[in-house]
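Along the sequence shown, residues are numbered consecutively beginning with 1. All values reported here derive from a predicted model rather than from experimental measurement.
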Amino acid sequence: MKNSLKTVAIVVICVSLCLGYYYYLTQRNVGKEGEMTEVEMIISKDLEKSYPKTAREVVKFYNRILKCYYSQEYTQEQLVQIAQQARLLMDEELRENNPQDVYLEAVKMDISAYKKEGKKIANMSVDRTNEVEYDTKKGKDYAYVDSSYFMKGKKDSKRVNQTYILRKDENSRWKILGFYQ
């Protein structure tokens with residue numbers, strides 16, 4: 001009887017240790033990857049090492065930034081970092097016409113206006129790959145990517161369509177040159 005009691009106790013302790021170790025292994029990465037917010041994911045993306053490969057992917061990443069601007073919670077420091085990521089997607093010419101401090105103030109004013117009106121981006125979509133238009137002018141490659149946004153507000157909802165103009169830079173990266181509705 002003493003041997004069977006010892007065996008049961010040892011089995012219970014071993015099972016407890018195994019379950020504890022299993023719990024430790026499954027929970028140790030939750031804080032790192034499982035709980036990252038969209039804002040944190042945008043900020044943490046290293047665009048120098050993993051820049052979007054196509055014009056469509058550039059617009060899709062820019063749309064994620066827009067959604068963060070208008071639909072996520074963040075600190076002022078995070079807003080500055082998000083805006084810096086957005087500027088990395090822009091063509092040199094567009095960045096020169098919109099210095100960082102001017103761009104950041106314009107973004108803040110736009111966000112404030114959206115919040116005042118109770119607007120949020122509910123849904124967004126980007127043209128499929130085969131719908132992206134490409135052109136070459138004066139030896140430079142251009143792409144035209146259509147994106148649509150479904151905006152929800154306090155009073156109404158509406159769809160906004162926008163065409164992004166992208167140009168390849170000297171590193172063959174697609175950069176946003178401008179857009180129009």
Side-chain angles (χ1 to χ4, degrees), residues 31-127 132 140-181:
K32 292 178 186 170
E33 294 177 273
E35 295 181 14
M36 240 178 140
T37 66
E38 179 69 1
V39 169
E40 292 167 334
M41 286 190 282
I42 295 291
I43 291 169
S44 68
K45 182 161 177 83
D46 186 350
L47 290 173
E48 288 300 317
K49 291 182 181 173
S50 62
Y51 194 84
K53 303 239 183 285
T54 66
R56 183 176 185 272
E57 288 175 10
V58 170
V59 173
K60 283 177 72 173
F61 188 68
Y62 187 72
N63 280 347
R64 286 177 58 197
I65 290 171
L66 291 179
K67 191 155 188 176
C68 283
Y69 282 160
Y70 303 115
S71 303
Q72 300 288 318
E73 295 294 322
Y74 45 79
T75 65
Q76 286 301 308
E77 181 182 328
Q78 287 174 320
L79 176 60
V80 170
Q81 293 171 323
I82 296 167
Q84 288 170 342
Q85 290 289 72
R87 286 179 52 78
L88 290 174
L89 299 174
M90 294 178 185
D91 186 85
E92 185 66 34
E93 187 177 324
L94 182 59
R95 281 197 312 263
E96 286 175 5
N97 290 330
N98 294 287
Q100 186 167 341
D101 55 338
V102 173
Y103 174 74
L104 185 59
E105 284 307 311
V107 166
K108 286 179 181 179
M109 286 180 16
D110 207 30
I111 291 168
S112 178
Y114 269 72
K115 286 185 179 182
K116 188 176 181 180
E117 295 174 22
K119 287 184 180 178
K120 285 192 177 189
I121 298 175
N123 192 14
M124 57 180 57
S125 64
V126 178
D127 274 354
V132 175
K140 298 227 179 214
D141 293 325
Y142 292 86
Y144 301 87
V145 182
D146 291 331
S147 188
S148 63
Y149 307 93
F150 185 70
M151 310 294 285
K152 284 180 113 175
K154 289 178 184 175
K155 297 178 184 175
D156 63 347
S157 299
K158 68 178 181 177
R159 181 168 302 279
V160 177
N161 295 313
Q162 201 155 279
T163 299
Y164 288 89
I165 306 162
L166 295 95
R167 178 168 58 190
K168 267 193 181 177
D169 68 5
E170 63 277 354
N171 298 318
S172 293
R173 291 180 169 177
W174 289 106
K175 300 285 188 158
I176 298 171
L177 181 60
F179 58 89
Y180 59 90
Q181 287 187 352

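Two residues are said to be in side-chain contact when any heavy atoms from C-beta on lie closer than 4.5 Å; Val80 and Leu104 meet this criterion. At a threshold of 4.5 Å between non-hydrogen side-chain atoms, the residues Lys155 and Glu117 do not count as touching. Under the 4.5 Å side-chain criterion, counting only non-hydrogen atoms from C-beta, Pro52 is in contact with Leu47. No side-chain heavy atom of Asp91 sits under 4.5 Å from any side-chain heavy atom of Ile165. At least one side-chain heavy atom of Leu79 sits under 4.5 Å from a side-chain heavy atom of Ile111.
When all heavy atoms are compared, the tightest approach of Tyr103 to Asn98 is CB-O, 4.0 Å. Of all heavy-atom pairs spanning Trp174 and Ala143, the tightest one is CZ3-N, 3.5 Å. Annotation for Ser147 and Ser125: closest pair OG-O, 3.1 Å, computed over non-hydrogen atoms. In plain terms, the two heavy atoms of Arg87 and Arg95 that are nearest each other are O-CD, 3.2 Å.
Although no hydrogens or angles enter the test, the distance criterion places no donor-acceptor pair under 3.5 Å between the side chain of Thr163 and the main chain of Phe179. Within the 3.5 Å criterion, the main-chain N or O of Ile65 finds no donor-acceptor partner in the side chain of Gln85. Distance alone, capped at 3.5 Å, is enough to place a donor-acceptor pair between the Arg56 side chain and the Asp127 backbone. When atom types are taken as modelled, the side chain of Ser112 and the backbone of Lys108 share no donor-acceptor pair closer than 3.5 angstrom.
Atom NZ of Lys60 has 12 or fewer neighbouring heavy atoms from other residues, nucleotides or ligands inside a 6.0 Å radius. Within 6.0 Å of NZ in Lys120 there are 12 or fewer heavy atoms belonging to other residues, nucleotides or ligands.
Pairs of residues two or more places apart, or lying in two chains, that qualify as ring-ring contact (aromatic ring centres under 6.0 Å, His included) and include a residue from residues 65-93 are Tyr70-Tyr114.
The OH atom of Tyr62 lies 4.5 Å from the CE atom of Met90; values are rounded to the nearest 0.5 Å. Distance check: Ile176 CD1 to Tyr164 OH gives 6.5 Å after rounding to the nearest 0.5 Å. Taking CD1 of Ile43 as the start and CD of Glu77 as the end, the distance is 8.0 Å to the nearest 0.5 Å. To the nearest 0.5 Å, atom NZ of residue Lys119 and atom OG of residue Ser71 are 12.5 Å apart. Atom CE of residue Met124 and atom CZ of residue Arg64 lie 10.5 Å apart, to the nearest 0.5 angstrom. Put simply, OG on Ser44 and CE on Met36 are 3.0 Å apart, with the number rounded to the nearest 0.5 Å.
For the residue pair Asn63 and Tyr149, a side-chain donor N or O sits within less than 3.5 Å of a side-chain acceptor on the partner.
Between Glu92 and Lys175 there is no salt bridge, since none of the side-chain N atoms of the basic residue sits less than 4.0 Å from a carboxylate O of the acidic one.
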